[in-house]
Amino acid sequence: MTAAQDDAIRLFRSLTGSAPAGVWSAPGRANLIGEHTDYNEGFVLPFAIAQRTFAAVGPRDDERIRVASTFSDEQVEVALDELDGLFSGPAGEAVRSGAVAEWAAYPLGVAWAALAARPDARATGLDIAIASDVPVGAGLSSSAAIEGAAAGALSDLWSLDLSLIDMAKIGRRAENEAVGAPTGIMDQVASVMGRVDAATFLDCRTLETRSVDLGLAGEGLALLVIDTRVTHAHSTGGYGDRRAACERGAAALGVPMLRDLGTDDLERARRTLDDETFRRVRHIVTENQRVLDAVRTLDASGPRAIGDLLVASHASMRDDFEISVPELDAAVDASLAAGAIGARMTGGGFGGSAIALVERAAVDAVSRAVAAAFDAAGFRAPHLFTVEPSEGVRRDA
Ligand code: GLA
């Protein structure tokens, strides 16, 4: 049993004086390639990581739901029939007004969205104790991990019989409407669907998925995460601005979504759009193509062959989409200079983490080179650790 699972059970016991009915968990994620394409109904190729969030849960004999977590000393308790009043207003209002702490809006938002998806469910009150070893603020979707663990627990305890895609949709609704972050569905799908040594290819229009073998173990490769420790929040600022620019670009070009454009359309886009909107559009169009190329390359030639695609993806985010920061660029440049096969920022940008694909034997040398580059640039020391593509949502006990 991992420390976080143990912590969740211990927290549940201190809350209720008894053992939980069960423990469910879901992982964080990193994205191999395909950034900001999800809300444009494009393609993504993320993977679940081994770090997980655990929810120890048990039924109550009233109709209240109480959440506690190791993130906060505060517990939050609401009646099931109050959830709708809390979350059905303007997106994120309950959090902004202080009615619900942000961390609690994830599990409570999942309960709200699950009840909305299954109005006939026979829902009982619940106590939920949450603990996690997914780093928070590192761009590794600690939020999707909470949503996945909560959705797994509710599916079983309320007999909702949710499919993995249902769980991802419920998690995304919680994130968009309860927490108020205007994200796509990539993180939730990545978290629930993960498989060992594989990434999940997702068509964000049809929600069709395919597990794509990465073959890292066999090739002696590792994925190194470089957490810049520059924090970001997608409920404010740049993330929403980029989303708005994509919507503007699609409208000006007469398509429902940027997914509907291919690289052949870029010349027309250049003539039609202002330079900034054009570059935003070019990132999405070329990134969709890179995801398709990455899947084909992994299938045909294995993970060593995708390095250039990772590097091109980073350049596009740095120069066209403009969501990188100097620390992320330094992480990518230093790891490539030290011999990484490929590297790119991962996730929403404006901080968070980069990933580098490296020989297992070179992990220490690349880590040292990145740390030295950060030191020389006067940046805060990064956190460096490897991640293993791992299993998605599950019941642990
Ligand atoms: C965040 C969002 C995702 C996705 C990425 C960028 O992680 O939660 O939906 O848009 O940014 O690819």
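Residue numbers count from 1 along this sequence. Counting convention: from 1, in listed order, for ligands and their atoms alike.
- Listed by number with element, the atoms of ligand 1 under 4.0 angstrom from any heavy atom of D38 are 3 (C), 4 (C), 9 (O), 10 (O).
- Taking only non-hydrogen atoms, the option from R29, M186, E35 nearest to atom 7 (O) of ligand 1 is R29.
- Ligand 1 has a nitrogen or oxygen under 3.5 angstrom from a nitrogen or oxygen of Y239.
- For the pair R290 and D293, the salt-bridge criterion is not met [side-chain N within less than 4.0 Å of a carboxylate O].
- Sorted by first and then second residue, the side chain to side chain donor-acceptor pair (under 3.5 Å) pairs with a member in residues 354-367 read R304-E359; sequence neighbours excluded.
- Distance check, rounded to the nearest 0.5 Å: CG of L292 to CG of L45 gives 10.0 Å.
- Atoms of ligand 1 lying under 4.0 Å from any heavy atom of G347, numbered from 1 in the order shown and given with element: 6 (C), 11 (O).
- Within the listing of ligand 1, atoms 9 (O) sit less than 4.0 angstrom from a heavy atom of G184.
- Of the charged side-chain nitrogens involved, none lies within less than 4.0 Å of a carboxylate oxygen, so that D274 and R248 do not count as a salt-bridged pair.
- Residue H36 has at least one nitrogen or oxygen atom sitting less than 3.5 Å from a nitrogen or oxygen atom of ligand 1, judged on distance alone.
- Salt bridge status for D161 with R118: absent, with no side-chain N to carboxylate O gap under 4.0 Å.
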